[in-house]
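In what follows, every chain begins at residue 1, and chains take the letters A, B, ... in the order their sequences are listed.
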Amino acid sequence: MKKLSEKLFEIEQLVHAIIEQGNDPLYTVIDQGKGVVRVTPTPLTKRLSSTVKNYLYPLLNQFPIHEFNPYINAFFRSVINTNVMESIEQQASLNKRHNRYQTDGDYPVMQELMTRMHACVDQIRAETKSAAFRTIIYNANRLSKKNQDGMMHYIDSLFDHYSKLIVVRIDLGYQKGNHIINQADIPKKYWQARSHFKHFLNNTRRNSLFEHLVGNIWSFEYGPEKGFHYHLILFFDGSKVRQDVILARMVGDYWVKCIVGSQGRIWNCNANKDTYPDCGIGLIHFSDTEKREHLNQAAAYLIKIDHYVRMLTPGDGRTFGRGEILPPKTGNIGRPRSK
DNA sequence: GGCTCTCGAGTCTAGTCTGT
DNA sequence: ACAGACTAGACTCGAGAGCC
């Protein structure tokens, strides 16, 4: 099963290929005589066709309240406008094991598919060529980069202040079945999640469990099964606390027992950190460049998803946040760093 | 005493405007 | 096309009041 980000990345790459391969004929048609026509799709067409078949409805159903990355938006809009899916299904129902069609039989079905495929590809190329589209892309990339730079700067500022950090990665959400069933559910569940998280973050400021919490990064998402949920990275002063797995469990318990109640549910990434090949959580020393790089990647992933698919929040609220960048350290209290 | 809630100032996100 | 400047509104965080 492919990750969501991989599927969306694939679609964006496909749109780039459609733009770059402007001379691709999509199909080669050879008249073999006696009313038989041989139709061979190009690799680009095969790729487009399988993407539409495998990703169109699953992704649209999975993200009822989202706006996709402009490239992915152009893809979905063009596919829907030109009704390509219908033609793909009709062609598939012919159960062809070869590429030969009878001009007085099944060829019109294939012709209709070719027409719609060309219309779809033309629409994608026309849309992505416009000045308005390029401005949207430029601004989206700029914002994404700005957020990423800010976040890296933020993590660096934490390591400048604390020689080691306990990094806790936890998802705060709800029991299965909390997904959106109808339109009326959207504002209700959205505000419920927002209010719970606000309550949680507010309480981290005085609750003794969070006494040594020094920073956080969060992103707000919607999943088809989990409903609204938060991805959270917490930074604790590594010289004051230890045992990240237990700490993560206590934070999770706090979310369930004190904030949400029996409907709450968490995913403790620290408890499963051994299963991650590039582990950037747990105890990280400022001089451990490898772990810090993995941490940066884990943090960047939160922004990456947002880059592909942005949630349309009813209240215009944020979907990403972090603590404030710490000012540079003044004075030279403590043992100087050796590395 | 420990925790939650509220307030206000400052910071950050997300987006637009404008000049080069 | 690109990047700096600017803005509105959401969010963070320190401080203090109030509750149990």
Under the side chain to side chain contact (heavy atoms under 4.5 Å, CB included) rule, what do A:R265 and A:V256 come out as? Steps first, then yes or no, please. CA-CA 6 Å; A:R265 191 185 185 194; A:V256 174; 5.8 Å; no
If the cut-off is 4.0 Å, is [X] near the phosphate of [N], judged by side-chain N/O to OP1 or OP2?
X	N	value
A:R322	B:dT13	yes
A:W218	C:dT12	yes
A:R134	C:dA1	yes
A:N203	B:dC5	yes
A:S208	B:dG1	no
A:Y254	B:dT4	yes

State, to the nearest 10°, the angle formed by the axis through the first five base pairs of the helix from B:dG1-C:dC20 to B:dT20-C:dA1 and the axis through its last five.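 Comparing the axis at each end, I get an angle of 10°.
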Is A:I80 reachable from A:L14 through a run of hydrophobic residues whose side-chain heavy atoms are each under 4.5 Å from the next?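 Linked within one cluster.
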Between A:D149 and A:H153, a side-chain donor and acceptor under 3.5 Å: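 No, because no side-chain N or O of A:D149 sits under 3.5 Å from a partner of the opposite role on A:H153.
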A:H285 and A:R292: side chain donor to acceptor below 3.5 Å: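 No - no donor-acceptor pair under 3.5 Å links their side chains.
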Residue mapping more 5' on DNA chain B - nearest nucleotide basis, A:K146 or A:I325: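 Final value for this comparison: A:I325.
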On DNA chain B, does the nearest nucleotide to A:H199 precede the nearest nucleotide to A:R142 from the 5' side, or the other way round? Give the residue.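 Counting from the 5' end, the first nearest nucleotide belongs to A:H199.
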Please work out whether the ring planes of A:Y254 and A:F200 are parallel, tilted or perpendicular, with thresholds of 30° and 60°.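 Tilted: the ring planes of A:Y254 and A:F200 meet at 30° to 60°.
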Please state whether the rings of A:H196 and A:Y174 are parallel, tilted or perpendicular, taking 30° and 60° as the class boundaries.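 Tilted.
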In whole Å, what is the span from the [atom1] atom of [X] to the [atom2] atom of [N]?
X	N	atom1	atom2	value
A:E324	B:dT11	CD	P	7 Å
A:M151	C:dC11	CE	C1'	17 Å
A:D149	B:dC12	CG	P	14 Å
A:N202	B:dC3	CG	C1'	11 Å
A:W191	C:dA10	CH2	C1'	10 Å
A:L213	C:dT12	CG	P	12 Å
A:F320	C:dG9	CZ	P	22 Å
A:L201	B:dT4	CG	P	13 Å

Heavy atoms only, 4.0 Å cut-off, all strands: where does A:F200 land among base, sugar-phosphate and nothing?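 The answer is nothing, as A:F200 stays clear of every strand by at least 4.0 Å.
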Touch check for A:G323, heavy atoms < 4.0 angstrom, all strands: base, sugar-phosphate only, or nothing?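 Since only primed, P, OP1 and OP2 atoms lie under 4.0 Å of A:G323, the category is sugar-phosphate.
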Hey, does the side chain of A:D106 reach the backbone of A:Q102 with a donor-acceptor pair shorter than 3.5 angstrom?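 Yes: the side chain of A:D106 pairs with the backbone of A:Q102.
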Please determine, for the side chain of A:N147, which listed nucleotide (B:dC3, B:dA14, C:dA10) has the closest atom?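 Given the options B:dC3, B:dA14, C:dA10, the side chain of A:N147 is closest to B:dA14.
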Please give me the minimum heavy-atom distance between A:E127 and A:S78, naming the atom from each residue.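 In this case the closest contact between A:E127 and A:S78 is OE1-OG, 4.3 Å.
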